[in-house]
Amino acid sequence: MSSETITAVVVDALQEIEEFIKNYKVDGRPKYRELVRRMILENRFDLEIDFNDIMSYNPKLAELLIRNPENTIKKFSKALRNVIEYEAPEYLEKIYEVIPRFKNLPFVYKIRDIRSDLVNKLIAVEGIVVRASPPKQKIVEAVYQHECGNEVVVPVTGDVVEKPVLCPYCHRSSGNWKLLEEKSRFRDFQRLVIQEKPEEMPAGRMPRSIDVDVYDNLVDVARPGDRVVVVGILKLRGSGSRRVKSLYDSYIEVNNIIVSQRMLEEIEITREDEEKIRELAKDPLIRRKIIASIAPAIYGLWDIKEAIALLLFGGVPKVLPDGTRIRGDIHVLMIGDPGTAKSQLLQYVSRIAPRAIYTTGKGATAAGLTAAVVRDKQTGEYYLEAGALVLADGGIACIDEIDKMREEDRVAIHEAMEQQTISIAKAGIVARLNARTSVLAAGNPRYGRYLINRSIAENVNLPPTILSRFDLIFVIRDVPNIERDSRLARHIAQVHAAEDITKPLIDADMVRKYIAYARKYVRPVLSEEAKKMLEEFFVEMRKKSLEVPDSPIAITARQFEALIRLAEAHAKMALKPIVGEEDAAEAIRLMKSMLESVGIDVESGEIDIDVIMTGKPKSQRDKMLIIENIIRTLAKEEGCAKIKTIIAKAKEQDIEDRLVEEVLTRMRREGLIYEARDGCYAPVM
Ligand code: ADP
Ligand code: ZN
Ligand code: MG
């Protein structure tokens, strides 16, 4: 009896599928017949089938599809063929096969949860594409010709094409076989690697990934950095080959790929949530409460927490009439002494932000911070691999120890931070990946501690071109201060005693929802007053730099754009549709405080954005010129310039020894002078 029912299911499957395709109706209209007609019109060979439809029409069939997909998909294909035969028989001559692509499976697995009992089942897996091979042609049916002249068709399942063992015509196992490429069937092929989403990764674990093989028109549908749901059959690589291994790698043979729309639907906000968010926004102290809810276990650092809050909300991206894109993402950098909670802050943000990734400058993978073309150790194939800024597209990249960034990233990060794309052309792979990512970075001072009498550019191992791309930069110095230290100690003690102070005013989950809601629905517009205020500040700062002849440029257009972004984010934080004066004022306050803490010319006391932009403050540059002149004059008079004499002459003009040494080192490094005799320098002609 039981054996009969099983046979019945198998025999009937094709017919039941055909019935489903013909008869499944939505609002009285046959959904899949119409889709078949459209497929023919659009000259396609694939068609999407909603798993929910199968479930509601014939649950047994749905189960069969999950449990025995290889066979059932073939039957779906056959059934579709039958329907086409009935609708438009001539179309069948144009296509090799019809491919049903399934979507909306009832369960979506995380890569971490894939287990061996799922092998050969149809599954849906979500993840982020981290690697993509260039598209290739793959043999799926090889035609071999034997010495005897007969041809044999060999289906190819794994990565290698294997010639037949025995000739079915002359019954010999020996003799030469020739692969007839022109008669073999090829399909477009690409191998992707998908990895678990960074925000879902348990802290401190290695990310898990799985290979994904895609064919035909699914090639190039997903790019590195894309978040996808992959529907396919879980398979084991290595099976089918003659060498039997005891360990198999699993991979997914793809049936369908759904690229998710960025960011939008990832955080669920219910009606009640929305009401609560709206209610919170009415509180006049809402911004202070949000800022106070950021890393409550960390004492002080209010301005930095505020900057982080602004970064989380972000400004409003704009597209100018000529197509130029101005980023809305805010970048923030902290440079600070060791043990000042920088890493703690970054880790906190990576936990609470809607889409964030924590990494270090060295990078966790070969792709580092941006992207790389890497060679797969096993297959020797080149892949395009996405780095942190691509993986965090649409979110936040928290980069610790950014000063230790790799050389390749130093070059590519400029484009990533301003244009928000990463272009790569290497080993035959040409691609441009999206990196619409806010950067929250921390760096350690070059000399171990931040030296107050040196400029920011001297203090941190980052080129000015990268520094200037940050909207706000903060210097955190660990200066002993009895009053502050005792409060800090008390705070840390309370944190360790797990007292209430670490409980945020608004809980992290709500903050996350609030931010997601603001990012999605609020796009504040600059009011006339705010605009005027920002412009006046900008003009004033520039004018100041003009009043003093030869004085440094105090502020550039980049800072002006940053001001607008900060003001927009400040308005967003209270869900305000208009950027008002209070928002502009706060942006100005933060900008000023940054200019004072890092941009200040340590020599003259003036605010000097040149320190950030070029790494050399104006007055110091003047002094360097004087020193250079001294060297040249001395060298002309005496053949070469003795260090002792240079220092003495410099002292006459109030220039300290330290600077002389520095200039000498720099000029030597730049190849302007050389040591002609011991301790005596001459210019290179
Ligand atoms: P950094 O990355 O700046 O070198 P860490 O983030 O590793 O420093 O912090 C070192 C330790 O000191 C952490 O345990 C951190 O919690 C503690 N700490 C430093 N500053 C503060 C602070 N302001 N409030 C609370 N804890 C702090
Ligand atoms: Zn033969
Ligand atoms: Mg650290």
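As the structure lists them, so they are numbered: ligands from 1, and atoms in each ligand from 1.
With a heavy-atom cut-off of 4.0 Å, Ala442 does not touch ligand 1 at all.
Checking only distances, Pro338 never comes within under 3.5 Å of ligand 1, N or O to N or O. Close N/O approach between Lys342 and ligand 1 is found [any backbone or side-chain N/O within under 3.5 Å]. At under 3.5 Å, not a single nitrogen or oxygen of Ile298, backbone or side chain, sits near a nitrogen or oxygen of ligand 1.
At a threshold of 4.0 Å, the pair Lys282-Glu279 counts as salt-bridged, since one of the basic side-chain nitrogens sits closer than that to a carboxylate oxygen. Under 4.0 Å is where a charged nitrogen must lie from a carboxylate oxygen, and between Glu418 and Arg558 at least one such pair does. Using a cutoff of 4.0 Å between basic side-chain nitrogens and carboxylate oxygens, Arg589 and Glu306 are scored as salt-bridged.
The nearest N, O or S atom of Cys170 is closer to the Zn ion (ligand 2) than 2.8 Å. Taking 2.8 Å as the criterion, Ser343 counts as a coordinating residue of the Mg ion (ligand 3), since one of its N, O or S atoms falls below it.
Below 4.0 Å from some heavy atom of Ala297 lie the following atoms of ligand 1, by number and element: 25 (C).
The neighbour count for Lys404 NZ, taken as heavy atoms of other residues, nucleotides or ligands under 6.0 Å away, is above 12.
For His146 atom ND1 and Cys148 atom SG, the angle they make at the Zn ion (ligand 2) is roughly 110°, to 10 degrees.
Closest to atom 10 (C) of ligand 1 by heavy atom, among Gly336, Gly339, Gly443, is Gly339.
Thr370 and Asp409 are linked by a side-chain donor-acceptor pair at a separation below 3.5 angstrom, with hydrogens and angles left out of the test.
Note on ring orientation: taking the six-membered ring where Trp is involved, the planes of Tyr215 and Phe189 are tilted (angle from 30° to 60°).
Judged by the 6.0 Å distance and 45° axis criteria, Arg519 is not positioned over the aromatic ring of Phe313.
Contact analysis leaves Leu301 out of contact with ligand 1, as no non-hydrogen atom separation drops below 4.0 angstrom.
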